[in-house]
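Below, chains carry the letters A, B, ... as their sequence lines are ordered, and counting in each starts from 1.
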2 protein chains.
Amino acid sequence: MRFDAITIKDIATALGLSKSTVSRALRDSHEISPETKKLIRAYAEEHNYRPNPIALSLKEKRSRSIGIVVCEIANSFFSQVINGIESIAYDRGYNVIISQTHESFEREMIGLNYLSSRSVDGLLISVSAETKNFDHLKSLQNKGLPIVFFDRVANDIKTHKVTVDNFTGSYNATTHLIENGFARIASISLSQHSFITQGRLNGYKKALSDHHIPIDEDLIRYCAHGGLFYEELEKEMNALFMLKQRPDAIFASSDKITMGVLRYFKSNGIRVPNDIAVVGFSNSETTDLLQPSLTVVKQPAFEMGKIATEMLINIMEANRAVKVFENRVLPAELVVRDSSVKRTVELLNN
Amino acid sequence: MRFDAITIKDIATALGLSKSTVSRALRDSHEISPETKKLIRAYAEEHNYRPNPIALSLKEKRSRSIGIVVCEIANSFFSQVINGIESIAYDRGYNVIISQTHESFEREMIGLNYLSSRSVDGLLISVSAETKNFDHLKSLQNKGLPIVFFDRVANDIKTHKVTVDNFTGSYNATTHLIENGFARIASISLSQHSFITQGRLNGYKKALSDHHIPIDEDLIRYCAHGGLFYEELEKEMNALFMLKQRPDAIFASSDKITMGVLRYFKSNGIRVPNDIAVVGFSNSETTDLLQPSLTVVKQPAFEMGKIATEMLINIMEANRAVKVFENRVLPAELVVRDSSVKRTVELLNN
DNA sequence: TTGTAAGCGTTATCAG
DNA sequence: CTGATAACGCTTACAA
């Protein structure tokens, strides 16, 4: 496909045929005689002919590629989603191009610009923690770009969406803490305006009120940059630990934040779960190896990627404009481990 | 850039000029009068004109994109490398397309096929654990595709390479274990033929022999698939623990394998470092939070990505064929934590 | 059944 | 200073 790439034209001249004949033969058109076909295909095979996808894109005005926008591929949740996306996309003949925002709105814009200029045929996006305004996405959609949101969605854009049941996930996690004897439960999450924060916070609050525990706004903290910078998280944690009444448990609502919380405890000599219990959203594959093993709310990330991609391809390949959109909500799973259960003396030595 | 994308032709007809004039004005050619330029640029600006990169690629026979092949983006080491790659690539006006092998030779071939057919202008690759034969890469290179290897390189392909000093990294890790009183040190690494296994194993062996410890081949194990499947690793670990003389320390030579080893110990109730000490190659950002905190050999992943990309772009943009290649070796850092140091009684309770 | 020509968006060459 | 034309690789009316 490079310097010496063979083209249809080359085949045509070599065989003394026309470009169109060759093109048709290669696409197995019925209007080409079997012998000619055979001849052409043999030659193409022998010379390892590969159609030039760039020329095709130009002609067909589509690239057979899907753009993905996530904050960080280093985040287990997102890398699992990406694997799900790829598993479907490749089967359906699409390739994916990944763009990272690193939780920055500006980077999101740049990435989006690139992807759309690069003529992706569709977009799968989980917006950055900083993103409050969705006009840029609306405008892309208005220009005809099919978009499907996953995880961090834009409420007011009409399209397919795949999310996890943030409310129930948090509700269960919080309830679990309450049932294990914790009552001053703090919450630390992404930026306040974020879609997932809303759901997760509501689940947390509902669990508290269902158990007649008053909601203390001092215990509810946010990280505007998703805890991508440790300092951001540290500030919030410090605030929490300066309270006259310290929390006895903490519910962390994203992978990055959960790890930051543990790091904070470690560097400040705060022991889990003795001094404070922890439950966090996380899809990391090593949470069971942590000290102590971590109770997590786990999302079906791979599944989410698959579903989002199927939805997207459905829009892309639809003959008429899709008007009715689906809002798919997947269950989150609570995995109970040691970080959220009061230790008995026996366990101390392990 | 989609359905309603404005083109040079549109501008030309709207302004009653020719395509060439518009094209030239947009590229700020000196042969266009200031007024015409102004007019055209104003119109282009107003209508948000963006050159179509696909048309450009077709014309220029290059896509301004770089292909990346790694085993898994979920692996911290590789996601850090990718961030390094992006940091340079975007600055120099290149975009990146990522392909994952999941340690499979077949997938590597498929990905490579895609990337080359997609006309990437250059390739950055760390081969899969299964890859023993490099003919496919040689042939791509012969077709004119610039390639730079990082981390897992192909020895017999002549091009730039960036690796870490695997030998010294392992030597230091092993020496550290020896100096801390361990003598039956096992090694578990990627497939035997892999470039990095060779270096890491040699460092391990040299450290042993420098300290007059005999090399016991029973203690040297390999994971042909890089420990991507836990069962693979479990088998090797079982073999190790079936020995009459069990190892008292283990040196794990990749991120995935290191985590697998810890998981093995955890599920078999083997305590670290009491029952066995552990040092492993890892770039994971949570190794300090593990139980116990993990002593690691850490690679300058981001740096490696940056350097590899600079090298690649140098080849791609060179006016004459590059004949002299560089083999850059970066230092690995040993981070000593608890998993490799015999515990005193005081430490037991934390 | 096969060939010719136009077009996708762009730039380069050559005229004017 | 500006315009017409060809070319990149491919598909597809339309002609033959």
Side-chain angles (χ1 to χ4, degrees), chain A residues 1-41 43-44 47-65 93 116-119 121 143-144, chain B residues 1-41 43-44 47-65 93 116-119 121 143-144:
Chain A
M1 192 78 293
R2 304 202 55 74
F3 297 159
D4 51 357
I6 182 176
T7 72
I8 281 193
K9 192 179 168 189
D10 297 331
I11 302 181
T13 46
L15 263 39
L17 293 164
S18 77
K19 289 195 306 176
S20 29
T21 307
V22 176
S23 171
R24 280 189 274 247
L26 259 16
R27 332 202 87 247
D28 205 15
S29 159
H30 54 275
E31 37 181 9
I32 301 293
S33 75
E35 307 88 67
T36 317
K37 261 188 204 171
K38 213 174 196 169
L39 180 70
I40 291 175
R41 311 195 115 181
Y43 189 93
H47 291 74
N48 197 28
Y49 168 78
R50 296 270 171 273
N52 179 334
I54 299 205
L56 279 173
S57 294
L58 185 59
K59 179 120 252 286
E60 296 180 2
K61 289 170 170 280
R62 64 188 209 137
S63 57
R64 295 206 74 87
S65 61
S116 67
S117 84
R118 203 62 211 161
S119 293
D121 300 337
K143 283 188 192 158
Chain B
M1 193 78 294
R2 303 204 55 75
F3 297 161
D4 53 355
I6 182 175
T7 72
I8 282 193
K9 192 179 168 189
D10 297 331
I11 302 181
T13 46
L15 263 37
L17 293 165
S18 76
K19 291 195 303 177
S20 9
T21 306
V22 176
S23 171
R24 279 189 276 245
L26 260 15
R27 334 201 87 244
D28 204 14
S29 159
H30 54 276
E31 38 181 9
I32 301 293
S33 75
E35 305 89 67
T36 316
K37 257 186 203 169
K38 214 174 194 171
L39 180 72
I40 291 175
R41 310 194 117 182
Y43 190 92
H47 290 77
N48 197 29
Y49 168 78
R50 295 271 172 273
N52 180 333
I54 299 204
L56 281 174
S57 293
L58 182 59
K59 179 125 251 288
E60 295 179 2
K61 289 171 171 278
R62 65 187 208 137
S63 58
R64 293 205 74 86
S65 62
S116 67
S117 83
R118 204 62 211 159
S119 292
D121 300 336
K143 283 187 190 158

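Side-chain contact, Arg50(B) with Asn52(B): no donor N or O sits under 3.5 Å from an acceptor N or O. Using modelled atom types and a 3.5 Å distance limit, the side chains of Ser20(A) and Ser23(A) yield no donor-acceptor pair.
Residue whose closest nucleotide on DNA chain D sits further toward the 5' end, between Leu58(B) and Ser33(B): Ser33(B). The residue among Glu31(A) and Ser23(A) whose nearest nucleotide of DNA chain D is located toward the 5' end is Ser23(A).
Distance from the side chain of Asn52(A) is smallest to dG9(D) among dT11(D), dT13(C), dG9(D). When distances run from any side-chain atom of Lys19(B) to the nucleotides dT13(C), dT11(C), dC1(D), the shortest one goes to dT11(C). Counting only heavy atoms from C-beta on, Ala55(A) has its side chain closest to dC10(D) among dG3(D), dC10(D), dG9(C). Closest contact between the side chain of Lys61(B) and the listed nucleotides dC8(D), dG9(C), dT2(D) involves dC8(D). Distances were taken from every side-chain heavy atom of Thr7(A) (C-beta onward) to each of dT1(C), dT2(D), dC10(D); the shortest belongs to dC10(D).
Evaluation of atom-type donor-acceptor distances gives a pair under 3.5 Å for the side chain of Ser20(A) against the base of dT4(C). For Arg50(A) and dG9(D), a side-chain-to-base donor-acceptor distance below 3.5 Å is absent, hydrogens and geometry of angles not being considered. In the interface, the side chain of Lys59(A) is not paired with the base of dT12(D) through any donor and acceptor atom under 3.5 Å apart.
Applying the 4.0 Å criterion to OP1 and OP2 of dC8(C), one finds that Lys9(B) has a side-chain N or O inside that range. Taking side-chain N and O atoms only, Arg24(A) has no distance below 4.0 Å to OP1 or OP2 of dT12(D). Applying the 4.0 Å criterion to OP1 and OP2 of dT2(D), one finds that Ser18(B) has every side-chain N and O outside that range.
Counting to the nearest Å, the P atom of dT11(C) and the CG atom of Leu26(B) are 8 Å from each other.
Each of Leu17(A), Leu26(A), Val22(A), Thr21(A) was scored for a side chain to side chain contact (heavy atoms under 4.5 Å, CB included) with Ile32(A), with one residue passing: Thr21(A).
Side-chain contact between Leu39(B) and Leu15(B) is present, with heavy atoms from C-beta onward closer than 4.5 Å.
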